[in-house]
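Proteins come first, then strands; the chains are lettered A, B, ... in the order of their sequence lines, and each starts at number 1.
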2 protein chains.
Amino acid sequence: MISVDAFDLKILTALQDDGRLTNQELADLAGLSASQCSRRRMRLEEEKVISGYHADLSSEALGFGVIAFIQVGLATHSPDNSKRFRALVNRIDEIQEAYSLTGDADYVLKAVLRDLKGLSNLVNDVLMPHQSVAHVRSSIVLDRLKESAKLPLRDLKAG
Amino acid sequence: MISVDAFDLKILTALQDDGRLTNQELADLAGLSASQCSRRRMRLEEEKVISGYHADLSSEALGFGVIAFIQVGLATHSPDNSKRFRALVNRIDEIQEAYSLTGDADYVLKAVLRDLKGLSNLVNDVLMPHQSVAHVRSSIVLDRLKESAKLPLRDLKAG
DNA sequence: GTCCCGTTTGCACGCTCCTTGCGCGTCCGA
DNA sequence: TCGGACGCGCAAGGAGCGTGCAAACGGGAC
């Protein structure tokens with residue numbers, strides 16, 4: 001079993017805020033020595049509690065003006081068809097996130113595109129014609145209130 | 001205007017895959033010297049093309065078993081009410097992403113929780129009772145096909 | 001209480017990595 | 001043709017990293 005103590009939690013919290021923190025900086029935050037932070041970080045990486053580090057790029061600065069949520073219904077629910085659809089989703093870099101959900105649609109995709117032409121291209125030229133897909137409905141993001149992948153390591157208080 | 005050349009693109013692509021890459025490793029990937037990669041990285045950070053670095057933590061390893069998408073309709077569409085709702089969303093760490101969308105619902109939230117009790121707590125004890133909120137509909141993620149925040153720096157080819 | 005053993009810690013040291021100064025080559029406009 | 005601006009690699013000084021080691025801590029067995 002993976003055990004994560006209070007020191008580990010401090011390290012994880014700090015690293016998901018700033019993945020480039022120095023062991024010395026971690027040490028100051030966690031109240032440990034730098035070497036110890038190095039050891040703990042290595043352990044957390046080996047145990048895959050930390051699965052990786054990523055630079056966060058500005059979609060605005062790089063000219064990605066459109067985010068869309070795309071609800072997809074499959075043509076059939078056979079295993080083969082699901083497999084085909086998953087393979088399709090995996091090779092489209094514009095699709096950042098993809099989930100199967102309870103409720104109406106079979107899948108929800110989140111895609112990032114340069115412009116509406118890109119979205120049209122994705123929906124009409126890639127998704128719709130694919131044999132696994134029956135119907136597609138897309139919603140465009142008007143405003144982004146919040147966008148991160150941070151886990152809530154401190155627990156939710158009701159109210 | 002921000003200008004990003006082919007070297008920058010290689011650096012950005014590499015860093016959104018592995019945010020801890022050494023300047024020397026970047027240099028090998030991009031075909032530059034380490035010092036030059038250091039300089040370019042610093043420029044990209046200053047220009048906010050790179051907005052930050054984050055460790056990616058394993059939700060499974062840390063005991064977050066439930067991801068949910070929550071569609072929220074506001075009670076009224078007054079500016080004050082929107083403001084109240086945004087403030088609410090901002091202080092709930094369980095909500096990783098929040099967008100306003102075209103289409104049916106006013107807002108879509110993506111939340112991460114330890115279990116269904118946590119989701120119930122969030123929906124019934126936090127969101128529903130809030131004065132800004134009229135109705136809430138949640139869908140639970142059954143399967144995660146893909147989950148990243150990488151921008152598609154290579155462009156989409158149709159077909 | 002006392003002993004023992006496994007774990008965790010801080011410190012020291014050798015090594016890698018980072019960043020800045022510098023000189024060189026190239027490109028473009030005058 | 002000349003000159004300035006720019007981007008490059010190299011080198012050096014300083015910061016950061018991780019391993020070895022010994023000391024401190026903690027929990028069982030007796």
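- Inter-residue side-chain proximity for V123(B) and I70(B) is flagged as met; some heavy-atom pair is nearer than 4.5 Å.
- Per the geometry, CD belonging to Q36(A) stands 15 Å off P belonging to dC17(D), to the nearest Å.
- Heavy atoms only, all atoms of each residue included: D8(A) and S3(A) are closest at OD2-O, 3.8 Å.
- Put simply, CG on D5(A) is 15 Å from C1' on dG26(D), counting in whole angstrom units.
- dC17(D) atom C1' lies 13 Å from atom OH of Y53(A), rounded to whole Å.
- Donor-acceptor pairing under 3.5 Å, judged by distance alone, is absent between the side chain of R40(B) and the base of dG7(D).
- Here the C1' atom of nucleotide dG7(D) and the CG atom of D8(B) are 12 Å apart, to the nearest Å.
- Of the residues in residues 15-23 of chain A, T22(A), N23(A) come within less than 4.0 Å of DNA chain D through at least one heavy atom, sorted by number.
- Linking ILVMFWY side-chain heavy atoms closer than 4.5 Å, directly or via other members, places L9(A) and L15(A) in a single hydrophobic cluster.
- Distance from the side chain of M42(A) is smallest to dG18(D) among dG18(D), dG9(D), dT9(C).
- Going from atom CG of L44(A) over to atom C1' of dT8(C) covers 15 Å, rounded to whole Å.
- Taking atom CZ of residue R43(B) and atom C1' of nucleotide dC8(D), one finds them 14 Å apart after rounding to whole Å.
- Taking atom CD1 of I11(A) as the reference point, atom P of dT8(C) lies 13 Å away to the nearest angstrom.
- Residue-level contact check: Q24(B) touches the backbone only, with heavy atoms under 4.0 Å from sugar-phosphate atoms and none from bases.
- When rounded to the nearest whole Å, the span between CG of L32(B) and C1' of dT19(C) equals 16 Å.
- For the pair R144(B) and Y99(A), the cation-pi test (distance below 6.0 Å, angle within 45°) is failed.
- Within the 4.5 Å cutoff, no side-chain heavy atoms of L88(A) are placed close to those of R84(A).
- Between the side chain of S35(A) and the base of dC11(C), at least one donor-acceptor pair of N or O atoms lies under 3.5 Å.
- Side-chain contact check for S100(A) versus V141(B): every heavy-atom pair is 4.5 Å or farther apart.
- Using a 4.0 Å cut-off, no side-chain N or O of S33(A) falls inside it from OP1 or OP2 of dT9(C).
- Contact annotation: R41(B) does not reach the phosphate of dC18(C) (side-chain N/O to OP1 or OP2, under 4.0 Å).
- Closest to the R39(A) side chain, of the nucleotides dC21(D), dG9(D), dT19(C), is dC21(D).
- Checked against a 6.0 Å centroid threshold, the rings of F85(B) and Y107(B) count as neighbours.
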